[in-house]
Each structure stands twice: as structure tokens, then as C-alpha cells.
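Just below is one structure, and these are the notes that go with it.
Note that these values count all heavy atoms, side chains included, but never hydrogens, waters or copies made by symmetry.
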Amino acid sequence: MHADAVVVGSGIAGLTAALELRARVGRVLLVTKDVLSSGSTVWAQGGIAAALDPRDSPAAHQQDTLVAGAGLCDPRAVEMLVTEGPARVRELVARGAVFDTGPDGALSLTREGGHLADRIAHAGGDATGAEISRALVAQIEAVRHDPGIEVVEHALVLDVLTGEPGPDGAPGPVRGVTLHVIGEGSRDGVGAALAPAVVLATGGIGQVYRSSTNPALATGDGVAAALRAGARLGDLEFVQFHPTVLWLGSGVKGQLTLVSEAVRGEGAYLLDTDGVRFMPDVHPLAELAPRDVVAHAIVRRTAATGADHVWLDARHLGADFLRRRFPTIHGRLLEHGIDLTTDLVPVAPAQHYHSGGVVTDLDGRASVPGLYAVGEVACTGVHGANRLASNSLLEGLVFAHRAARDVAARLEGGFLTAGDPVERPGDAALVPAAARSRVQRAATDGPGVLRSGEGLRRAAETLAAVPTDAHRRHDDGRALAAPQTAEWETTNVHQVATVLTHAALEREESRGGHARTDFPRTSERWRVRVEVALDGEGAVRVSQRSHA
């Protein structure tokens, strides 16, 4: 297939990028791993943050974001987010997204952790992502028969294709992607979509861990593909663990039920298993402290009490209010026999969001010419060491617009041109699907909520010892892993876990979503970005880059 641009992913960032590109270039290919409506956006409960109240301001939103980012945000990226954000949200409304409103018809705004103003717009009470996804998918569906845009569903993108490398060994320009359409043709069938621009909007890395709020599709595909193409990755060590995820026992794996921060935003308390409310002694904002503070406090509290969870208490907010404000959460908890209106809810931290990813500039450009990244897969500098609640949907929206405009301008200016891809040398290194639980256990025990040098080194050793296809350990020469979906995904999970562990081992301090028990303090020495790339031999190379 041929296109002017390939967009990979169908969350808020991918759908927005595809719609904006369709209006600016001749042909767009939108590739999604499942169906259009399956992007991670649909799971977002709380809302989208923007200074929409006349009493609020972009400057105030910027300050809250910088505080949450713990000194590592890029102030220029944050300024763009907060100043362009309100207009982008209004455009979303114009595209058909229906947000909750008050009696006067104005948007109903609430507050979440780290925000000092009510600026969280929500839909369906606690179904904001589902409503945004519905509106954007409807826009795509309306142009399904437009020859300028084509949608390929159930397609796993394997690698980013590139052209001849530069004379200094720099990555060659983007030439498209390889992909496998799941359920079509042969199990190892791979095709190509050729284009001079690729926009990665593949979401998060949740399945790198044993438990996550991310869907099963979140196997770090975009991060891994960018890494193999030669792109720089940054801030990988900053993983956000959501403090209040439904606790159903230590053996539960996969996507877990999130209890939105908005519940605490409306006044719910956290209690330990002795019934003691502990957050007021931890932080001035108590339950509304930044997520990393709350998650770390819960882990330390459970260690002190010998428990495996804490309780979320919303009963005092009233049954009618809770059913109206949080219908989705209330319904999902009832499926597990828990009534939010009358019961204490057992919660514990689980992986939720990745603040790092493919390093980009302010227009979404990665370090590989023609490669763009938007949304959670990107490292724009907006989040720094810790994402401020509900900034993620806004980031996807704002930077997808910026990337689409830049792609169109560079195509028109002749800076992005079509060409033939070249084969990159190297041994095949597929990881057997059977190794995934081993990889997830290493990531959970190593770069988990609380980390240590010893634990990270042990995780790195475990990951390095995972056999790959390149080992060719079978006596008859057969590969360990046959090319197919489960192996491709597990390979991505393994590669992301590996580079994440290297980055976490490099940063010898605690800051934001990175907490080292052996380096518990924040250090000015580490006001740098830790970046990871592969060298010419495919080995992990870790470096530091000044934030100045």
C-alpha cells in the first residue's frame, strides 16, 4: 500500500492526527491493532484538563503541570499544551463530543490530584474517554468511503521502514511500516505500507507489567518499533502507577479496574486496614496529592500494616450523587460484588501511564526523519517526571494537531519524500510468547512502584537471560519463536522492559514516578533527561541530556 502518511493507533491522538491529515494531504492510511473504537482513550474515566473557566488561566494550569513534573518538564511544551488546549477542546465539542454541563449550560468542571482549580471537563460522569472516542470514530466512519483516507483494522505494525542511513550512521528517513493483519492470510504474513511520514500513536506499555489498567493491546509496540528504527527514547523510567486500582488478590493479572482519581476529587478518603485516614499526614493536598505521592504512600502504608491493599471510602458522598457522578465505576464495581455507595473499596497501585517514550520536538518529530510520535507513546517533555491528572488526553489532542500540520507542511515543502526502504542487518531476535510472564515478573519486581539498584540489576540480568530466536538453541536449527502475533508482541514487551530497566538503573535519585529506595532524595545533579537508543550492534546505549 502507498500513502502520504501512515497513522498507527486509534486513540484520541491517532484519530485526531488522521482527521487533521485528511484535510491537508492527498492520502492517509490509519492502522489500528483492533477495531477503531479499541484505543486506550475509551478507558479514560476522569476527564480532560484545560483552562476553560473564566476564573482559571493557562498560566495557572502551566504552574500545576510544572509542579507535578518535579522539575523535568519542558516549559515550552507545557506552555503550548495549556495555551492551545482550550481551543482544541472546543474543537472536540464541535466534532460532536458531548461533555457534562451544569444547569446554566456551561461545562461542568471538577478537580483532580495536583490541580489547584476546577478544570477537568468530563462526559457521562466518568466515561469521558468513551465519549471522546465515540465522537472521533464517528468522524472517521463518516469518511470511510473517501479515497483520501483508508482504515486498516486488526493490523499489528511490526517495524518502521527506513531508507539509506546517513554518512555518520544516523538513521535513514522513514519509508513506511511493515504490518501483519491479524486473522488474514498466513500466521507469519507481513505486508508493507509505504509512506514518507509515519505518525506513531500506539499508546502505552501496560502489558510490560503483571498488572495494569491498560488494555491487553498495550504491549509497547510503538516504543519498540521506534527503538529498532534508530529513534531516541527518553524519560522511560517515569512510570505512573495509579494509586486506586481495584484490588482483587495477588494472583490477578491483565487489565484491572480503575477507580478514577475523580472519586477522590469529589471527596473520597483513603483508609488503611485499621481504618486510619493517612494521607493528611503525608501531603498538604491529602488524597489529592500528585499520583506518585499517593501511590508511594499506599505502598509504604501497606508495608507498615502488613496488608496488601488500603480502602477507598466514598460512602459519605451519598448514594444518589455517586450513582449519578460515577455510573461506570459504580457498575463495574457491582460486577465484583462491591457497592461504591455502601462498601469500602479495596485498592492498591497498578501501572497506569508511561510519561516517557519516543523523544520528539514541539511538532511531534522524532529523531528519525519522517517519524512522528503523539500521545502516550511520545516523550514531548510535557509530563516530566510525573503526569498531572487528565493532561494525557489534552496532550494527545494538542500534539496530534501540531504533528499533522507539520507533516503536511514538510510534504508540501519537499522535505519528506517517498523512496525505497532498505533492509537493516542483524539477527532475528523474537522472544517466545511463553516467556511473557517471566518478563512481566522481572519488570514488576525491578522497575516497579518502589525500586532499588539491587532489584533493577537483578531484573536486567533476568531480562538479558531470556532466550530469543537469535540463540538458535534447538539442535536441529529450528527457531525458538515462530513469527506470529504473540511472539511479536512478547518481543516488544521484552525490549521495552529491558530499556526501561536500564533507564531506571541509570537515574540514581527519586523523582516523580521514579522512586529508588537506595537513593530516596531528589538531586539537582539529576535534572537531566535519561535517553536510551540502540548502538550499531543493537546493544542498549544510555546517555544523559541537559534539560536546559
For the side chain of [X] and the backbone of [Y], is there at least one donor-acceptor N/O pair under 3.5 Å apart?
X	Y	value
Thr501	Ala460	no
Thr462	Ala442	no
Thr302	Val299	yes
Asp100	Gly124	yes

Would you say the side chains of [X] and [Y] form a donor-acceptor pair under 3.5 Å?
X	Y	value
Arg228	Gln495	yes
Gln544	Glu506	yes
Gln207	Ser212	no

Taking only residues two or more places apart in sequence, or in another chain, which ones meet [X] in a side-chain hydrogen bond (donor to acceptor under 3.5 Å, both in side chains)?
X	result
Glu461	none
Arg324	none
Arg438	none
Thr490	Arg436

Point to revise | Qualifying residue for side chain to side chain donor-acceptor pair (under 3.5 Å) with His514, from Glu237, Arg507, Arg451 | key: Arg451
[X] to [Y] - nearest heavy-atom pair and separation:
X	Y	answer
Leu393	Gly47	CD1-O, 3.5 Å
Phe238	Gly384	CD1-O, 3.8 Å
Thr380	Arg529	C-NH2, 4.5 Å
Gly85	Val398	CA-CG2, 3.8 Å
Ile120	Ala49	CD1-CB, 3.7 Å
Pro75	Leu66	CA-CD2, 4.4 Å

Practice item. Start with the C-alpha gap between Val282 and Arg300, add the side-chain angles, then the distance that decides, and say whether side chain to side chain contact (heavy atoms under 4.5 Å, CB included) holds. Key: CA-CA 11 Å; Val282 175; Arg300 291 188 172 97; over 6 Å; no
Exercise for review: Can you run down the ring pair (Phe, Tyr, Trp, His ring centres under 6.0 Å) pairs that involve residues 336-359, sequence neighbours left out, and say none if there aren't any?
Suggested key: His242-His352, Tyr353-His383
Exercise for review: Just grab all the ring pair (Phe, Tyr, Trp, His ring centres under 6.0 Å) pairs involving residues 277-299, residues at least two apart or on different chains.
Suggested key: none
Find out whether [X] and [Y] are in side-chain contact, i.e. whether some heavy atom of one side chain is under 4.5 Å from a heavy atom of the other.
X	Y	value
Val208	Val439	no
Leu200	Val198	yes
His494	Val431	yes
Asp53	Asp118	no
Phe326	Val263	yes
Arg545	Arg232	yes
Leu236	Val532	yes

Point to revise | Salt-bridge contact Arg119-Asp64 (side-chain N to carboxylate O under 4.0 Å) | key: yes
Study note, to complete from the structure: Contacts of Tyr269 meeting ring pair (Phe, Tyr, Trp, His ring centres under 6.0 Å) (sequence neighbours excluded), chain-then-number -> His316
**Study point:** Qualifying residues under ring pair (Phe, Tyr, Trp, His ring centres under 6.0 Å), relative to Trp311, sequence neighbours excluded
**Key:** His309
Going by side chain to side chain contact (heavy atoms under 4.5 Å, CB included), name the residues that satisfy it together with [X], two or more places apart in sequence or in a different chain.
X	result
Ala68	Leu388
Thr341	Ala319, Leu322, Arg323, His330, Asp339
Arg315	Asp313, Leu344

Practice item. Evaluate side chain to side chain contact (heavy atoms under 4.5 Å, CB included) for Asp221 paired with Lys33, printing each intermediate quantity in order. Key: CA-CA 10 Å; Asp221 306 328; Lys33 197 173 177 180; 2.7 Å; yes
Point to revise | Criterion side chain to side chain contact (heavy atoms under 4.5 Å, CB included) on Leu256 and Leu246, from CA distance to verdict | key: CA-CA 7 Å; Leu256 302 183; Leu246 181 63; over 6 Å; no
Practice item. Not counting sequence neighbours, list each pair that qualifies as a salt bridge (charged side-chain N to carboxylate O under 4.0 Å, His left out) and has a residue in residues 384-398. Key: none
